[in-house]
Amino acid sequence: MKNKYTIIAICMFAFVHYSAMAQIADSIRVHIDSCLSILQEHSLYVNSVNWDETRTKVFEKAKTAKTKVQTFEALKIAFDALGDKHAAYYHGDDSYKIDNSELIKRYSDSIKVAWTRGPRIDGRMIGDIAYFSVPFMGINKQEQIDWYANWLYDEVAKLQKHNPKGWVIDLRLNGGGNIRPMLTGLAMFFGDGIVSYYRDKNGKNSDEAAFSKGNFLMDGKLQAAIKNKITGMPYAKVAVIIGAGTASSGEITAAVFSQRHNTLLLGDSTAGLANATNGFVFNNNKTYFLISTACITDPHKIPFPQTIQPNLFIKGNDAFNDIGNDIAVNKAIEWLRQ
């Protein structure tokens, strides 16, 4: 049986909630309800939130709002409650992401400078070892996906002509984007088989990802068309370099390689954003939510960790302007030549 103090507290909680709602215009209340409904229906982290408490705090903060724009600060409360560092919230000229200063502190000066140069593959031979980088791929249209996939694939094909002893795949500058052109462009390194699934907040698995005959498929469908295919290299020796700049789809790419035989992950821990996001546009295209909607599992439907760890930790400064003298690259080459 609840004691009288518990009952009083519940009554006060309800009073604050309904008092705040009573002061808000119907259009504003409907907007807030719509926003919270999207988060509750789709967020991967929905079960970590006390929604009654969060809803009360949001409406209390928004009680003086006269326009939807003025609800922006109030709705940040819901984003903070979710704790989704992969999420972003946009309304008009306003935007919000949860602070991730600890990750930002991990970015080296070399990474920051390299990012300013834009996406590059930087394929080259370092003696008998092939090196290339897989960049961020922030694209969505199919023609863009096809172009990026063929760009990456063709760069690998050029290096294959040198018959390298091993491969260094650098994911340290890969902050994510669309995974479909990444894994299509790297399909030659994999044999046939399933590599991952998406799993939503309810534990439902979907989006089966697989390689088949040198193609990357999702739910059995080809994700990009490669124009000039090469012989596959599923048994090639591969070193994958990861670090703080490896995020989102970059991390998932690393996770997929972590299952591959004859492969070493080296470098540092990734950004901790290895999950799938989805975007929601509403309010007459004035409001946009990007939120984590699924974790990624291996072929046995066991979730990958959100932070991918290397098999071999390498501490030291990056040198993207002088790759031949980069500590992690040299350690990768040393392992490949063993």
Side-chain angles (χ1 to χ4, degrees), residues 13-101 136-145 175-180 198-202 204 206-207 247-249 271 273 275-295 306:
F13 184 85
F15 174 78
V16 170
H17 177 61
Y18 290 110
S19 176
M21 287 186 67
Q23 299 177 52
I24 298 174
D26 286 347
S27 61
I28 303 302
R29 178 180 54 76
V30 169
H31 173 68
I32 294 173
D33 278 335
S34 297
C35 292
L36 295 179
S37 293
I38 288 171
L39 297 179
Q40 286 185 263
E41 185 176 348
H42 299 285
S43 173
L44 179 62
Y45 306 110
V46 64
N47 295 323
S48 66
V49 176
N50 181 328
W51 285 102
D52 288 338
E53 181 180 323
T54 299
R55 181 177 292 274
T56 297
K57 289 180 179 178
V58 170
F59 275 101
E60 177 64 21
K61 181 77 172 178
K63 66 183 179 183
T64 60
K66 303 301 181 187
T67 66
K68 294 176 184 178
V69 172
Q70 292 173 355
T71 67
F72 187 83
E73 291 298 318
L75 285 163
K76 285 165 58 175
I77 293 170
F79 275 80
D80 288 339
L82 286 168
D84 185 354
K85 293 184 178 179
H86 210 164
Y89 166 29
Y90 301 91
H91 185 107
D93 296 328
D94 294 318
S95 63
Y96 181 63
K97 294 191 74 172
I98 292 178
D99 176 69
N100 204 353
S101 55
F136 170 83
M137 297 186 181
I139 42 104
N140 288 302
K141 295 180 179 179
Q142 188 60 49
E143 59 265 31
Q144 296 172 318
I145 292 168
N178 196 320
I179 198 167
R180 292 183 288 166
Y198 288 2
R199 177 179 293 174
D200 69 13
K201 63 183 175 66
N202 298 316
K204 180 181 178 182
S206 64
D207 296 89
S248 188
S249 295
L273 304 172
N275 52 38
T277 60
N278 206 344
F280 300 88
V281 181
F282 56 105
N283 184 30
N284 296 318
N285 294 324
K286 294 177 182 177
T287 307
Y288 176 71
F289 286 173
L290 178 72
I291 58 175
S292 297
T293 55
C295 67
Q306 293 199 26

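- Remark: V30 engages S34 in a side-chain contact (heavy atoms from CB on, under 4.5 Å) (not counting sequence neighbours).
- Partners of D26 according to the salt bridge (charged side-chain N to carboxylate O under 4.0 Å, His left out) rule, which considers only residues two or more places apart in sequence or in another chain, are R29.
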>> If you apply the rule side-chain contact (heavy atoms from CB on, under 4.5 Å), what do you find for H31 with K286, and how did you get there?
In response: CA-CA 11 Å; H31 173 68; K286 294 177 182 177; over 6 Å; no

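- Applying the side-chain contact (heavy atoms from CB on, under 4.5 Å) rule to I145 yields the partners I139, Q142, N178, R180, P181, A224; only residues at least two apart in sequence or on another chain are considered.
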> Could you walk me through whether L290 and K97 pass the side-chain contact (heavy atoms from CB on, under 4.5 Å) check?
Replying inline: CA-CA 10 Å; L290 178 72; K97 294 191 74 172; over 6 Å; no

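- The local environment of CG in N202 is crowded, with over 12 non-hydrogen atoms from other residues, nucleotides or ligands closer than 6.0 Å.
- Of all heavy-atom pairs between S43 and I291, the closest is N-CD1, 3.9 Å.
- Annotation: side chain of E60 is not in contact with side chain of K57 (no heavy-atom distance under 4.5 Å).
- With sequence neighbours excluded, no residue forms a side chain to side chain donor-acceptor pair (under 3.5 Å) with S249.
- Under the side-chain contact (heavy atoms from CB on, under 4.5 Å) criterion, K204 pairs with D200, not counting sequence neighbours.
- Qualifying side chain to side chain donor-acceptor pair (under 3.5 Å) partners for Q70, counting only residues two or more places apart in sequence or in other chains: none.
- Applying the side chain to side chain donor-acceptor pair (under 3.5 Å) criterion to Y45, with sequence neighbours excluded, gives N275, Q306.
- Atom CD of residue Q40 and atom NZ of residue K201 lie 9.0 Å apart, to the nearest 0.5 angstrom.
- In this structure, W51 and V46 approach most closely via the heavy-atom pair NE1-O, 3.0 Å.
- Each salt bridge (Lys or Arg N to Asp or Glu O under 4.0 Å) pair with one or both residues in residues 75-91, not counting sequence neighbours, appears once here: E73-K76.
- Contacts of F72 classified as ring pair (Phe, Tyr, Trp, His ring centres under 6.0 Å), with partners at least two apart in sequence or in another chain: Y89.
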>> R55 vs D33, test: side-chain contact (heavy atoms from CB on, under 4.5 Å). Steps then yes/no.
In response: CA-CA 9 Å; R55 181 177 292 274; D33 278 335; 2.6 Å; yes

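- The minimum heavy-atom distance linking A88 with F79 is given by the pair O-CE2, 4.0 Å.
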> Could you walk me through whether L75 and Y96 pass the side-chain contact (heavy atoms from CB on, under 4.5 Å) check?
Replying inline: CA-CA 10 Å; L75 285 163; Y96 181 63; over 6 Å; no

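- The shortest heavy-atom contact between G176 and F136 is O-CD1, 3.2 Å.
- Applying the side-chain contact (heavy atoms from CB on, under 4.5 Å) rule to A247 yields the partners E251, A271, L273; only residues at least two apart in sequence or on another chain are considered.
- Taking 4.5 Å as the limit, every side-chain heavy atom of F280 sits out of range of all side-chain heavy atoms of L39.
- Residues passing the ring pair (Phe, Tyr, Trp, His ring centres under 6.0 Å) test with H86, sequence neighbours excluded: none.
- Remark: H42 engages no residue in a side chain to side chain donor-acceptor pair (under 3.5 Å) (not counting sequence neighbours).
- The two residues K63 and I24 make their nearest non-hydrogen contact at CA-CG1, 3.7 Å.
- Contact detail for T54 and A81: the closest heavy-atom pair is OG1-CB, 3.8 Å.
- At a threshold of 4.5 Å between non-hydrogen side-chain atoms, the residues K68 and T287 do not count as touching.
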